[in-house]
Amino acid sequence: MPQENDFSLSSLSGTSFRSSREGSGQKWSALVMLALGAGLGVAEAGEAEAQDGTDTAGTTATDSTINLSAVRVHGQADVESSNTNNTSLDIGRMPGTVRDTPQTISVVPKDLIIQQRLFTLDQALANVPGITMSTGEGNGGLNGDQFRIRGQQARGDIYEDGLRDFGTYVRDTFNTESVEVIKGPSGQYFGAGNVGGVINQTLKKAHLGNHYDLDQTFASGMQYRGTADVNYQLGKHTALRVNGMYNKQDVADRDNIRTDRYGVAADLGFGIGTKTTYHLNYQWLGSRGTPDYGVPMIQIGGIYSPITSHGLARDTSYARSFNMDNSNIHMVTSKFSSQIARWLTFNNDTRFTHYHRDYSASNPNACTGACATSFLAGGNPALAYGAGGGAAYNQDGWGIQNVMMARAKFNTGFLRHDISAGVDINYTKDDRIMGTYVNRMNDQTIRNPYYSAPNTYITWPSSGHRTADFRDLGLFLADKIHITKRLSLFGTFRWGNYESTYWSAAASSAGTQSQSSSKFSPSASLMYDVDDNKSVYFTFSRSYKPVGTDVASEVTTQSSIGDVPVNGRNLKPQRSDLFEVGTKMDFLNKHLGMTAALYQIEQNNSYTYDESGNVITGFQDAGTGREIRGAELSLTGKITKDWEIYGAYSYMGGKVTNSSTTAGKQAPQLPHNNFSVWTSYNLSPLLLKPGQGKLSVGGGAQYSSGYWANEANTARVPYNFSLNTMISYQYGRYHVQFNANNLSDHLNYASAFNTGRAVPQSGRTFMGNFGVGF
């Protein structure tokens with residue numbers, strides 16, 4: 001007789017949240033075909049059926065009646081998708097699931113994205129303790145998705161389906177199934193960069209069966225959003241899935257700040273449910289918006305803090321009518337997988353991305369001295385521009401990546417091996433023209449800034465042209481050796497050869513600057529399975545971040561002070577080492593999962609920025625360093641059939657090392673205490689009769705303590721706290737949902753930059769959603 005909590009996925013089909021939801025021109029065409037060639041050349045899907053309807057890559061055939069999310073754990077037919085230990089990473093060069101990976105991985109699952117109505121990547125990552133935003137870094141500010149993981153820069157470390165997501169822009173979740181954060185140095189898997197970790201979005205893919213899903217949202221601001229998700233089965237093992245999104249939004253509580261986004265994605269899947277699968281995915285995301293560079297920091301008693309915490313209205317914005325953030329991102333992804341033999345699988349993944357961006361921002365300066373005295377006395381002092389007033393640029397770039405690998409399972413004597421080996425190459429090129437403002441007046445005041453500036457415009461002189469590229473060629477090998485039934489050793493290494501170049505028209509006489517290096521990024525882990533539901537591990541890993549890695553998100557003004565190569569100088573890369581011990585446990589027949597970890601990260605040659613966005617340490621000299629220590633806990637899954645929880649806590653402490661001026665100071669951008677908790681409950685069995693639909697409620701809180709915004713510990717950001725709630729009702733194919741966020745109307749900050757500025761978030765907001773799915 002099963003226990004009370006021993007329930008299967010099939011028994012949960014009535015309680016799952018709308019399970020049917022599961023599931024630039026000719027000059028680029030040659031490059032696109034080149035990028036896809038390796039995959040297309042072997043795209044003929046085999047028709048051999050996998051046992052139990054599941055292929056070795058883990059794709060589960062889904063019928064048209066119940067489209068449950070595929071949680072792929074070999075040897076287990078009954079697993080709970082909300083237990084994020086079960087999450088499949090869909091990254092061939094990594095272990096199959098979170099449970100199998102000897103490193104902390106935080107997951108924002110699909111159900112959480114739906115329940116909280118998370119529309120952008122930064123909103124999703126608010127559920128992940130240990131992540132802070134770092135808006136405005138790089139040449140006075142390249143606004144967009146820029147994050148820190150455990151205090152380490154992760155600007156260029158955003159991936160989709162394990163392939164690099166080139167460019168800096170605001171990422172929407174309309175084509176996202178889940179978000180995974182692999183914490184700690186991960187160069188052994190991903191190559192250049194990744195000194196703090198990796199953020200990966202799992203793309204929506206075609207599946208067997210038909211479904212149609214339409215959603216409409218209205219929210220504070222005002223915000224209007226519409227999405228459509230259609231999956232259509234074309235043949236026995238072929239399907240097409242198309243997603244569309246329209247988002248028009250004035251950001252609540254931020255004057256003259258808007259973010260309009262439009263997107264279309266299509267995934268064509270072949271061989272679904274067989275041993276050979278191929279997915280061809282296209283995604284376009286366009287945006288039209290106004291960048292928000294926040295409010296000034298004010299200096300009081302030698303410490304800088306956001307001026308809105310001292311009486312300035314939170315909706316005060318210094319954006320002007322000539323500011324813009326307009327982008328178009330085209331991405332083509334090819335994913336091929338084939339089980340050649342019972343012990344051998346081959347994968348080939350390819351991506352080509354083209355991005356274009358027109359950008360202009362106004363940058364407020366800090367308020368110090370006479371400005372601070374006047375403001376605190378109720379005055380309205382003049383506010384100077386900061387960082388030269390803010391960047392303006394026209395950007396075009398493209399990136400291509402191909403990962404080809406094989407995975408083999410075999411025995412040598414009493415040892416069982418699980419080996420992955422392959423080649424990873426990616427190339428990024430960025431062309432940029434820096435703009436020059438005409439008739440821009442530096443005549444703003446703090447309390448009543450004006451928006452309209454009809455006589456101001458931007459020119460694009462040839463002297464502002466600069467170009468940069470980066471190439472990373474990697475060979476990787478990983479072997480998980482099962483020494484006994486319970487004890488295993490997991491070793492990986494990657495040899496990477498890196499090369500970057502930089503050219504600026506303003507310094508054309510110096511010619512093209514270049515830099516190259518070769519590094520090994522190893523990791524080693526010891527894992528012990530206490531029983532079928534508990535495991536412990538110890539991991540060491542090392543990553544490098546060479547100069548010029550982030551060409552898509554930073555091209556600085558001068559090669560002598562930027563993250564760009566310089567001829568004749570051996571620019572030492574950043575290095576980051578991770579030591580982590582942890583455990584992963586499952587309870588209630590694997591419906592509830594827990595993780596815990598202690599870690600230390602040692603980084604040398606770290607770099608920071610001044611208010612103009614120029615690199616002031618690192619690369620050009622010995623740089624500073626970081627020593628970060630912390631602990632993480634998480635609890636996810638179902639406590640009962642109707643009660644679901646997602647909770648995580650992180651403690652981070654760190655100090656600056658290797659610095660003659662700031663050694664011993666607290667590491668910046670590192671809030672000590674962070675937690676996020678969300679719980680939902682299905683009230684239908686208590687309040688409704690059978691056939692009357694499903695009624696659910698949910699709520700939670702997010703908190704992060706205050707932190708220093710700079711190495712000198714002279715700029716402080718207050719704590720963030722948000723209390724959120726949700727109620728939803730589904731009847732047949734129809735659903736309605738209401739969300740309320742930041743119920744206490746607390747003044748929170750999305751990001752801060754040194755002593756210059758901080759960006760306030762919206763206060764109390766409300767959102768209504770309705771839709772139909774069938």
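All residue numbers refer to positions in the sequence shown, counting from 1.
- Put simply, CD1 on Ile105 and CG on Asp100 are 9.5 Å apart, with the number rounded to the nearest 0.5 Å.
- Using modelled atom types, one side-chain atom of Ser543 and one backbone atom of Ser186 make a donor-acceptor pair closer than 3.5 Å.
- Using a 3.5 Å distance cut-off with no hydrogens or angles, the side chains of Asn281 and Lys205 do not pair a donor with an acceptor.
- Heavy-atom minimum distance, Ile601 versus Gly184: CD1-CA, 4.5 Å.
- In this structure, the side chains of Val107 and Val98 come closer than 4.5 Å at one or more pairs of heavy atoms.
- Counted by atom type alone, Gln600 and Arg629 present one or more donor-acceptor pairs between their side chains at under 3.5 Å.
- When side chains are defined from C-beta on, Ser516 does not count as touching Asn497, because their heavy atoms never get closer than 4.5 Å.
- In this structure, NZ on Lys584 lies 9.5 Å from CE on Met527, to the nearest 0.5 angstrom.
- With hydrogens and angles left out, the side-chain atoms of Gln116 and Asn127 include a donor and acceptor closer than 3.5 Å.
- For the 3.5 Å distance criterion, the side chains of Thr350 and Asn348 qualify, holding a donor opposite an acceptor.
- Listed here is the closest heavy atom pair of Leu477 and Ala421: CD1-CB, 3.7 Å.
- Between the side chain of Asn83 and the main chain of Lys590, a donor-acceptor pair closer than 3.5 Å is present.
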If you apply the rule side-chain contact (heavy atoms from CB on, under 4.5 Å), what do you find for Val108 with Val128, and how did you get there?
CA-CA 8 Å; Val108 182; Val128 181; 3.7 Å; yes
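- Counting only N and O atoms by type, the side chains of Asn658 and Arg626 include no donor and acceptor under 3.5 Å apart.
- No side-chain heavy atom of Ile91 sits less than 4.5 Å from a side-chain heavy atom of Tyr189.
- The backbone N or O of Thr636 sits nowhere less than 3.5 Å from a side-chain atom of Thr84 that would complete a donor-acceptor pair.
- For the side-chain hydrogen bond (donor to acceptor under 3.5 Å, both in side chains) test with Thr202, the passing option among Glu160, Lys110, Glu180, Glu177 is Glu180; the others fail.
- Side-chain polar atoms of Glu580 and Tyr537 form a donor-acceptor pair below 3.5 angstrom.
- In summary, the side chains of Ser541 and Gln103 do not present any donor paired with an acceptor at a separation below 3.5 Å, with no hydrogens or angles considered.
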When you look at Ser420 and Arg93, which way does the side-chain contact (heavy atoms from CB on, under 4.5 Å) test go after all the steps?
CA-CA 6 Å; Ser420 299; Arg93 53 199 185 277; 5.7 Å; no
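- Side chains of Ser517 and Tyr544 form no contact here, defined as non-hydrogen atoms less than 4.5 Å apart.
- For the pair Asp472 (side chain) and Ala192 (backbone), a donor-acceptor distance under 3.5 Å is present.
- Judged purely by distance below 3.5 Å, without hydrogens or angles, the side chains of Ser523 and Thr492 pair a donor atom with an acceptor atom.
- Proximity of a side-chain donor or acceptor of Asp90 to a complementary backbone N or O of Asp161 within less than 3.5 Å is not detected.
- Between Asp577 and Phe540 the shortest side-chain heavy-atom distance falls below 4.5 Å.
- Asp267 places a side-chain N or O within donor-acceptor distance of the main-chain N or O of Ala206, the cut-off being under 3.5 Å.
- In the model, Ser106 has a side-chain atom that pairs as donor or acceptor with a side-chain atom of Lys183 under 3.5 Å.
- The minimum heavy-atom distance linking Val656 with Pro668 is given by the pair CG2-CD, 4.3 Å.
- Using modelled atom types and a 3.5 Å distance limit, the side chains of Thr595 and Ser634 yield a donor-acceptor pair.
- Under the 30°/60° scheme for interplanar angles, the aromatic rings of Phe336 and Tyr278 are found to be tilted.
- The two residues Ile481 and His417 have their closest heavy-atom pair at CG1-ND1, 3.7 Å.
- Counted by atom type alone, Asn673 and Tyr703 present zero donor-acceptor pairs between their side chains at under 3.5 Å.
- Thr624 places no side-chain N or O within donor-acceptor distance of the main-chain N or O of Thr657, the cut-off being under 3.5 Å.
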Does Leu125 form a side-chain contact (heavy atoms from CB on, under 4.5 Å) with Ile199? I'd like the steps, not just the answer.
CA-CA 9 Å; Leu125 293 177; Ile199 299 166; 3.7 Å; yes
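- Of the N and O atoms on the side chains of Thr539 and Ser525, at least one donor lies less than 3.5 Å from an acceptor on the other residue.
- Salt bridge Arg494/Asp424: present, at least one basic N to carboxylate O contact under 4.0 Å.
- Classification of the Phe470-Tyr498 ring pair by plane angle, with boundaries at 30° and 60°, yields parallel.
- Asp418 has no carboxylate O lying under 4.0 Å from a charged side-chain N of Arg416, or vice versa, which leaves the two without a salt bridge.
- Checked by atom type, the side-chain pair Asn674/Ser704 shows no donor-acceptor distance below 3.5 Å.
- By the 4.5 Å heavy-atom criterion applied to side chains, Ile158 and Leu121 are counted as neighbours.
- Looking at Asn200 and Met94, their side chains never come closer than 4.5 Å, going by heavy atoms from C-beta outward.
- Listed for the Ser576 side chain is a donor-acceptor partner under 3.5 Å among the backbone atoms of Val195.
- Residues Lys545 and Gln152 have side chains not in contact (no heavy-atom distance under 4.5 Å, counting atoms from C-beta outward).
- Checked by atom type and distance alone, the side chain of Thr484 pairs as donor or acceptor with a backbone atom of Leu487 at under 3.5 Å.
- Distance check, rounded to the nearest 0.5 Å: OG1 of Thr277 to CD of Gln339 gives 11.0 Å.
- Side-chain atoms of Arg164 and Tyr159 form a donor-acceptor pair, as typed in the model, at a separation below 3.5 Å.
- To the nearest 0.5 Å, atom CD of residue Gln666 and atom NZ of residue Lys655 are 11.5 Å apart.
- To the nearest 0.5 Å, the span separating OG on Ser178 from CG on Leu89 amounts to 8.5 Å.
- In this structure, CG in Asp586 is found 10.0 Å from CE in Met594, a value given to the nearest 0.5 Å.
- Counting only distance, with no hydrogens or angles, the side chain of Asn426 and the backbone of Gly399 share no donor-acceptor pair below 3.5 Å.
- The two residues Tyr646 and Pro109 have their closest heavy-atom pair at CE1-CD, 3.7 Å.
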Starting from the C-alpha separation in whole Å, work towards a yes-or-no answer on side-chain contact (heavy atoms from CB on, under 4.5 Å) for Phe190 and Asp157.
CA-CA 9 Å; Phe190 298 96; Asp157 301 330; over 6 Å; no
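- Look at Arg486 and Asp529 and you find no salt bridge, because none of the NZ, NE, NH1 or NH2 atoms lies under 4.0 Å from a carboxylate O.
- Across every non-hydrogen atom of Thr132 and Gln669, the tightest pair is OG1-O, 3.4 Å.
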